[in-house]
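Notes follow once the structure below has been shown.
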2 protein chains.
Amino acid sequence: MDDLQPPGRLVTLTDVAREAGVGESTVSRVLRNHGSYSKRAGERVAEAVARLGYVPNRLAGSLAGPGASTRLAGVVIPSLANVVFPDLLRGLTTALDAEGIQCVIGVSDYDADREEALVAALLSWRPAALLLTGLEHTPGTVALARAGGLRVVEMIDTDGAGIDAVVGFSNRAVGAASARHLVGRGYRRIAYLGHDLAVDLRAGKRLAGFEDTLAESGLALCGKEIRPGPSSPGSGRAGLEALLARRPDLDAVYFSNDDMALGGYFACLAAGLAVPGRIALFGFNGLDFAAAMPQPLSTVRTPRLEIGRQAAACVMGERAKRIDLGFTLIEGATA
Amino acid sequence: MDDLQPPGRLVTLTDVAREAGVGESTVSRVLRNHGSYSKRAGERVAEAVARLGYVPNRLAGSLAGPGASTRLAGVVIPSLANVVFPDLLRGLTTALDAEGIQCVIGVSDYDADREEALVAALLSWRPAALLLTGLEHTPGTVALARAGGLRVVEMIDTDGAGIDAVVGFSNRAVGAASARHLVGRGYRRIAYLGHDLAVDLRAGKRLAGFEDTLAESGLALCGKEIRPGPSSPGSGRAGLEALLARRPDLDAVYFSNDDMALGGYFACLAAGLAVPGRIALFGFNGLDFAAAMPQPLSTVRTPRLEIGRQAAACVMGERAKRIDLGFTLIEGATA
DNA sequence: TCGCCTTTTGGCAGCGCTGCCAATCCGGTT
DNA sequence: AACCGGATTGGCAGCGCTGCCAAAAGGCGA
């Protein structure tokens, strides 16, 4: 193997053709196993490829080929700090890898304008599909996505209209189900503890569903604590301590997610408050640790991996679909 | 804005040139703000771009341009299930975004052959840089990376020789420091509890450093539990229960990471074992929740985001560097 | 052995863009 | 009024690959 590739000029298909003593078209056919070629040609090309260490240039391939069949998928997620999105990515890449499709990712930091810029940048690679998070986008993002002439999949949220395909679950319904659970268990002095809602719109939808359902029972939140910044156990712990200082009579807390709830649980442990006897805790997401807690966390499990997988299926699918994968309420032992 | 783009033929630079009434080269110069052009030309092009909704085709751009300047970085990580890698990605994308570089990612599932396949696939996009995890690769991977004529950065681990640039910390040193801490605190009956070492080589290096250091004090592990599958709190809890069943006299446990340690902590809470009085726990990574625990977890904080950032800096940098970012031992209250 | 049909093959245009180069334009000089 | 240097501009080759087409090579029955 030629280790000393003069860096600057990489091996091209033409080099392979010369080395193998066949035409360029033949090399192309062999490499893509497309069209017909003799066994002999196949062998000579394979040898030449190995000898030269040839790596195809897909930039050129996609440019030359029909339309924009790039085998690339552009993915925009709002964050990597929240486990949910890596999980989503995991389902996505696993399923897409099987189809030989690679992901180009962009992280928007929950900023719609950044999302738009990322979409424009991603589209410049002429991806075969564009995967976005949530249903709320700038008009510019929507226009770009529509004009791209490619499959667009919006993931996670189904509470609203989508551009093309939509895969997820109803965040409002999650909030509603969580409220019904708490009310059904007899809790009345319920507070909400969350991270910044202005940026995490889906958490806002859950809260809206939660409050609406409380209202149906003639109840209202008896406390609401919104912590700035992203969700984290530290934030959950500090938040619950703040909440209890203000409203010592609380009997249940609905958290924006499990990370926050874990922090709340730690706060209770530290303060010696019985869970759920003295105070009940309810989370969201159904993360790994929730089931391992001494008292399994009461929460809602979301089908994150499955959303990724189904989104990948949408990328391949012919028609745009709208898939609601639902969620599972886990009773647990903390509420 | 023309909403009805006949899908199949997207707007090209030539269209923009015609619309703006200028030559292609001028459009190209304006768009890249490269070379000189009149104010008037700039305006006409900008208008045409807006009117047509033009999105440049970078496939063509990179193909035409010099060398392989793609503004793409190929990234291979072993997993998305372990928070460490999303954190790494986060540091990476943040810093790379600022330079207008996009990441194409591949997930190897801790499989070196898969990694090689991914590297080949990524190289076919002619990325400007290749970022790998760890120092152990197949000969094929190394050959590909070398032949690519691009910057290669290996992240996280510095215990060994790299292909080009290396950014991380010494896992062996982490294990050694952890052992010194536990021994210094007087623990003698120490066990190890980890996830599958065959796949996570860096966990293996930590354990090696740990055991070597124990040996220097004339000690040896008095128990070792390796759980199949990835690390998780559930696995940590079950593992500690198994370990205690076999060796009820344990006085400390070194976990492969914080997730496992959290599970161990839950096991202690559930069994009513005092931490660290009855049994001490020591983790690895310094995740968010560690500090929020009623007794902050004793662990080692790794500079994950910073590794990502520095790796991004290496991508841009002229010369290959070798950067050891070290780590911080957090005394905590569990060991 | 010849002709006909199928398989295999190579040449070449062109994908959308950039770099190079020569042409054109502009304002001020002599 | 002819001239000059720099700013601005357009034409065009070519990046590496694929699709199309016509040419060449086989295969086979008559």
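Both backbone and side-chain heavy atoms feed into the values below; hydrogens, waters and symmetry mates do not. Nothing here was measured: the structure is a model prediction, and the numbers come from that model. The sequence lines fix the lettering, A, B, ..., with proteins before strands; numbering per chain opens at 1.
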Item to check | Test log, rule salt bridge (Lys or Arg N to Asp or Glu O under 4.0 Å), inputs E136(B) and K205(B) | outcome: CA-CA 12 Å; E136(B) 284 73 27; K205(B) 290 182 178 181; 3.0 Å; yes
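- Annotation: of the two residues near DNA chain D, Y37(B) and A60(B), the 5′-most nearest-nucleotide partner is Y37(B).
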Checklist entry - Between R40(B) and E43(B), is a salt bridge (Lys or Arg N to Asp or Glu O under 4.0 Å) present by the stated rule, with each step listed? => result CA-CA 5 Å; R40(B) 193 179 120 85; E43(B) 286 163 2; over 6 Å; no
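- In terms of phosphate contacts, S28(A) brings a side-chain nitrogen or oxygen within less than 4.0 Å of OP1 or OP2 of dT18(D).
- When atom types are taken as modelled, the side chain of R71(B) and the backbone of E99(B) share a donor-acceptor pair closer than 3.5 angstrom.
- One can place CZ of R58(B) at 22 Å from P of dC15(D), the figure rounded to the nearest angstrom.
- For the pair R71(A) CZ and dC17(D) C1', the interatomic distance rounds to 17 Å; values are reported in whole Å.
- For S25(B), no side-chain nitrogen or oxygen approaches OP1 or OP2 of dG10(D) to under 4.0 Å.
- Below the 3.5 angstrom threshold, one finds a donor paired with an acceptor across the side chain of R29(A) and the base of dG10(C).
- Atom CD of E43(B) and atom P of dT8(D) are 13 Å apart (whole Å).
- What separates CZ of R18(A) from P of dG10(C) is a distance of 14 Å, to the nearest Å.
- Between R40(A) atom CZ and dG10(C) atom P there is a gap of 10 Å when expressed in whole angstrom units.
- Look at Y54(A) and you'll find a side-chain N or O under 4.0 angstrom from OP1 or OP2 of dC17(D).
- In the set dG10(D), dT9(C), dT8(D), dT8(D) carries the atom at the smallest distance from any side-chain atom of S36(B).
- Taking a cutoff of 4.0 Å between a charged side-chain nitrogen and a carboxylate oxygen, D97(A) and R114(B) qualify as a salt bridge.
- A straight line from NE2 of H34(B) to P of dT9(D) spans 16 Å, rounded to a whole angstrom.
- Of the candidates dC17(D), dG10(D), dT18(D), dT18(D) carries the atom nearest the R32(A) side chain, counting heavy atoms from C-beta on.
- With a 4.5 Å cut-off on side-chain heavy atoms, R151(A) and M316(A) do not count as touching.
- Put simply, CG on L59(A) is 10 Å from C1' on dC15(D), counting in whole angstrom units.
- In this structure, of dC17(C), dT9(D), dT18(D), it is dT9(D) that holds the atom nearest to the side chain of A41(B).
- Residue order along DNA chain C, read from the 5' end via each residue's closest nucleotide, puts S38(A) first among S38(A) and E24(A).
- In this structure, the CG atom of L13(A) is 13 Å from the P atom of dG11(C), given to the nearest Å.
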